[in-house]
Structures are given as C-alpha cells and as structure tokens.
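Data block below; observations after.
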Amino acid sequence: IMSAVTNSFENVKAVILSCHKSSSSREKVNFYNSWAENYDQDVAVLDYRAPSLAAKSISSHFVGDREAAVVLDVACGTGLVAKQLKSYGFGHFVGIDGSEAMLEMARESRLYQELKQCLLGEDPLPVQCGLFDVVVIVGALSAGQVPVDVVRELCKSTKPGGHVCMTTRGNRDNVEYKAALERELKQMEEEGLWTCVEVAQVEDWERAVSEQEDGYISGAVYIYKKL
C-alpha cells in the first residue's frame with residue numbers, strides 16, 4: 001500500500017511543478033482545465049488544509065445569520081471552500097474562477113447559486129461592489145498566480161462590516177510574494193479600508209512539493225473586516 005501512496009504523491013508533485021512552469025495566464029487556465037477532473041483527489045494527497053482552515057477561521061469570526069449571508073468564493077476551483085463553509089451553516093455561494101472545467105466541477109457540487117468565469121488580475125471581478133457578507137480567496141494568492149492588488153477588489157466587493165478571508169503559503173518560493181501581500185494588507189488598513197481581525201500562521205499547511213523542501217510547508221490565514 002505504501003508504494004501506491006508514495007507513487008501518487010510523486011505524481012501529484014509532478015503535476016503541480018508542471019503548473020509552476022506555465023507562465024501566461026492562458027497556459028495556467030489550460031493547466032487547471034486539464035487538472036479539474038483529478039483536482040480534489042490530488043490535493044487530498046497533499047493534505048491540503050487551506051480550505052478547512054479558512055472556513056474554520058471565517059466561522060469563528062462571523063456574527064449574524066449564516067443561512068442568509070452571501071459568500072463570494074474567489075478562485076473557487078471545484079468548491080472545496082464552499083463545501084467546508086456549508087458544514088458551518090453558510091448556504092449562499094457565488095463562485096468565480098478562471099477555469100471553465102473547474103467551474104463545471106463546482107456546478108456539479110450544487111453548492112453555488114451562481115458561478116462566473118473571470119481571470120483574476122486581468123478582468124475586473126464580475127460582481128457588484130459592497131454586496132457580500134464574506135469574501136474568501138484560498139490558494140490563489142501566491143507567486144505566479146494572481147497579483148497582490150487583487151485584494152483591493154475583494155475589499156470593494158465586501159459589504160461594510162463584512163469579512164474578507166485570504167490565505168497564502170509560507171514556503172521559500174513564496175516569501176517575497178507573502179511580504180508584498182502583507183504590505184498591501186497593512187497599507188489598506190492605513191487607508192482606513194478595513195481592519196485586521198486575525199492573522200493565523202500555520203505550520204502544517206500542506207505537503208511540500210518543491211525540490212528544495214520536504215515535509216510540510218507553512219501558510220497563513222488573514223481575516224479583515226471592512227470599515
């Protein structure tokens with residue numbers, strides 16, 4: 001049994017490293033389109049904890065009617081975050097992703113009231129400003145994925161008093177991006193756009209896939225409240 005597991009981890013690792021090689025957003029979208037079918041099984045092999053950590057964090061800070069709350073799930077992929085949030089009593093989800101195949105999987109999950117395709121950082125978010133009780137982005141805020149300034153759009157689409165939950169990785173390849181992201185979050189706080197509710201640094205975020213690292217990499221969950 002062990003060999004099958006290592007084998008699948010090696011396979012998943014190869015898949016993800018190949019994604020890191022795709023440079024243009026078009027290539028990235030093609031990569032995610034081809035990965036959609038196996039995505040959930042593959043990230044399970046990685047012990048990818050970001051969706052559950054983000055959902056838990058949102059749940060612990062959210063006050064109000066969960067059933068009525070409208071959640072914007074940005075870079076929703078197959079729906080892993082919505083699935084976790086549903087278990088905490090949230091019921092209304094709008095999902096956005098760049099990959100049509102990922103959106104197809106999300107559609108099949110029947111968790112979302114609405115799904116829209118959008119290339120983050122290239123297209124403006126296709127949603128109304130100030131509409132959402134919770135805006136969440138898990139996994140996409142990292143080097144080679146979406147630009148840091150996307151967080152301003154997330155803030156714009158949130159209701160005053162609503163929460164924005166973001167995650168990023170703490171691995172070596174992402175150190176500069178993480179620092180730039182934190183500068184932007186702080187800058188927006190200084191501009192009076194939102195206030196920091198929680199930053200949780202997590203050691204065992206997911207299994208490392210880069211050649212330089214083994215074991216687990218760290219990550220962080222940020223929760224901000226729009227003023």
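Computation of the quantities below employed the complete heavy-atom set of this structure, encompassing side-chain atoms and omitting hydrogens, waters and symmetry-equivalent molecules. Throughout, numbering of the chain's residues begins at 1 and tracks the sequence.
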Which atom names give the shortest non-hydrogen contact between Phe93 and Ala82, and what distance separates them?
-> CZ-O, 3.6 Å
Can you tell if the side chain of Asn171 reaches within under 4.5 Å of the side chain of Gln212, non-hydrogen atoms only?
-> no
Taking atom types as modelled, find out whether Glu122 and Ser25 have a side-chain donor-acceptor pair closer than 3.5 angstrom.
-> yes
Salt-bridged, Arg107 to Glu104, with N to O below 4.0 Å?
-> yes
Are side-chain N/O atoms of Thr168 and Asn174 paired as donor and acceptor at under 3.5 Å?
-> yes
Stepwise, does the salt bridge (Lys or Arg N to Asp or Glu O under 4.0 Å) test hold for Lys178 with Glu182?
-> CA-CA 6 Å; Lys178 185 172 189 269; Glu182 289 176 354; 3.3 Å; yes
Backbone N or O of Gly98 within a donor-acceptor pair of the Gln117 side chain at under 3.5 Å?
-> yes
Please answer: with hydrophobic residues joined when any side-chain heavy atoms are less than 4.5 Å apart, are Tyr222 and Ile58 in the same cluster?
-> no
Could you tell me whether the side chain of Val146 reaches within less than 4.5 Å of the side chain of Lys28, counting heavy atoms only?
-> no
Any donor-acceptor pair under 3.5 Å from Asp97 side chain to Gly77 backbone | yes
According to a 4.5 Å side-chain heavy-atom criterion applied to Ile, Leu, Val, Met, Phe, Trp and Tyr, with indirect links allowed, do Leu185 and Val175 form part of one hydrophobic cluster?
-> no
List the steps, then state whether side-chain contact (heavy atoms from CB on, under 4.5 Å) holds for Gln41 with Asn38.
-> CA-CA 6 Å; Gln41 300 90 301; Asn38 298 317; 4.1 Å; yes
With a 4.5 Å heavy-atom cut-off, do Leu85 and Arg66 have their side chains touching?
-> no
What pair of heavy atoms forms the shortest contact from Leu111 to Lys86, and how long is it?
-> CD2-CD, 3.2 Å
Between Cys155 and Val164, which heavy-atom pair has the shortest distance, and what is it?
-> CA-CG2, 4.3 Å
Would you please test Met166 and Leu154 for side-chain contact (heavy atoms from CB on, under 4.5 Å) and show each step?
-> CA-CA 9 Å; Met166 300 154 281; Leu154 305 182; 4.2 Å; yes
With the 4.5 Å side-chain cut-off for hydrophobic clustering, are Val209 and Leu80 part of the same group?
-> yes
Pair Asp42, Tyr48: side-chain N/O donor-acceptor within cut-off below 3.5 Å = no
Which residues satisfy the side-chain contact (heavy atoms from CB on, under 4.5 Å) test with Val70, sequence neighbours excluded?
-> His92, Val94, Phe132, Asp133
Heavy-atom side-chain proximity of Leu72 to Val127 below 4.5 angstrom | yes
Check whether any side-chain N or O of Thr158 sits under 3.5 Å from a backbone N or O of Lys226 as a donor-acceptor pair, and report yes or no.
-> no
Same cluster or not: are Phe31 and Val12 linked, directly or through other Ile, Leu, Val, Met, Phe, Trp or Tyr residues, by side-chain heavy atoms under 4.5 angstrom apart?
-> yes
Taking the side chain as every heavy atom from C-beta outward, state whether Tyr224 and Leu193 have any atom pair closer than 4.5 Å.
-> no
Between Ser218 and Gln201, is a side-chain hydrogen bond (donor to acceptor under 3.5 Å, both in side chains) present by the stated rule, with each step listed?
-> CA-CA 7 Å; Ser218 63; Gln201 306 286 347; over 6 Å; no
Any donor and acceptor pair, going by atom type alone, linking the side chain of Ser59 with main-chain N or O of Lys56 inside 3.5 Å?
-> no
Within a radius of less than 6.0 Å around CD of Glu176, do more than 12 heavy atoms belonging to other residues, nucleotides or ligands occur?
-> no
Under 4.5 Å between any side-chain heavy atoms of Leu141 and Leu181, yes or no?
-> yes
Minimum-distance pair of heavy atoms, taken over all atoms of Trp205 and Arg169 = NE1-CG, 4.0 Å
Side-chain donor-acceptor pair present, Glu213, Ser210, cut-off under 3.5 Å | yes
What is the ring orientation for Trp35 with Tyr39, classed by angle as parallel under 30°, tilted 30 to 60°, or perpendicular over 60°?
-> perpendicular
Between CG on residue Leu119 and CD1 on residue Ile96, distance to nearest 0.5 Å | 11.5 Å
Do you reckon Leu125 sits in the same ILVMFWY cluster as Met188, going by side-chain contacts under 4.5 Å, direct or chained?
-> yes
Please lay out, stage by stage, how Arg49 and Asp47 fare under the test side-chain contact (heavy atoms from CB on, under 4.5 Å).
-> CA-CA 6 Å; Arg49 297 174 59 216; Asp47 198 9; 4.0 Å; yes
Is the count of non-hydrogen atoms from other residues, nucleotides or ligands lying under 6.0 Å from Glu37 atom CD greater than 12?
-> no
Decide side-chain hydrogen bond (donor to acceptor under 3.5 Å, both in side chains) for Ser87 and Gln84; before the verdict, give the C-alpha distance in whole Å, the side-chain angles of both, and the deciding distance to 0.1 Å.
-> CA-CA 5 Å; Ser87 69; Gln84 295 285 339; 4.6 Å; no
What are the two closest non-hydrogen atoms of Ser99 and Asn33, and how far apart are they?
-> OG-OD1, 2.6 Å
Indicate yes or no for a side-chain donor-acceptor contact from Asp204 to the backbone of Ile217 under 3.5 Å, with no hydrogens or angles considered.
-> no
Please report the closest heavy-atom contact between Thr78 and Ala36, naming both atoms and the distance.
-> CG2-O, 4.1 Å
With sequence neighbours left out, what residues match Phe62 under ring-ring contact (aromatic ring centres under 6.0 Å, His included)?
-> Phe90
Glu114 and Lys116 ion-paired at < 4.0 Å | yes
Just wondering, do Gln128 and Ser157 contact through their side chains at under 4.5 Å, heavy atoms?
-> no
Test applied, side-chain hydrogen bond (donor to acceptor under 3.5 Å, both in side chains); reference residue, Gln187; option that passes from Glu184, Glu189, Glu191 = Glu191
Determine, stepwise, if the pair Met102 / Cys76 fulfils side-chain contact (heavy atoms from CB on, under 4.5 Å).
-> CA-CA 8 Å; Met102 287 285 192; Cys76 65; over 6 Å; no
Determine whether Val221 and Glu198 make a side-chain contact, defined as any pair of heavy atoms from C-beta on separated by less than 4.5 Å.
-> no
Give a yes or no on whether the backbone of Pro160 and the side-chain of Lys225 come within a donor-acceptor separation of less than 3.5 Å.
-> no
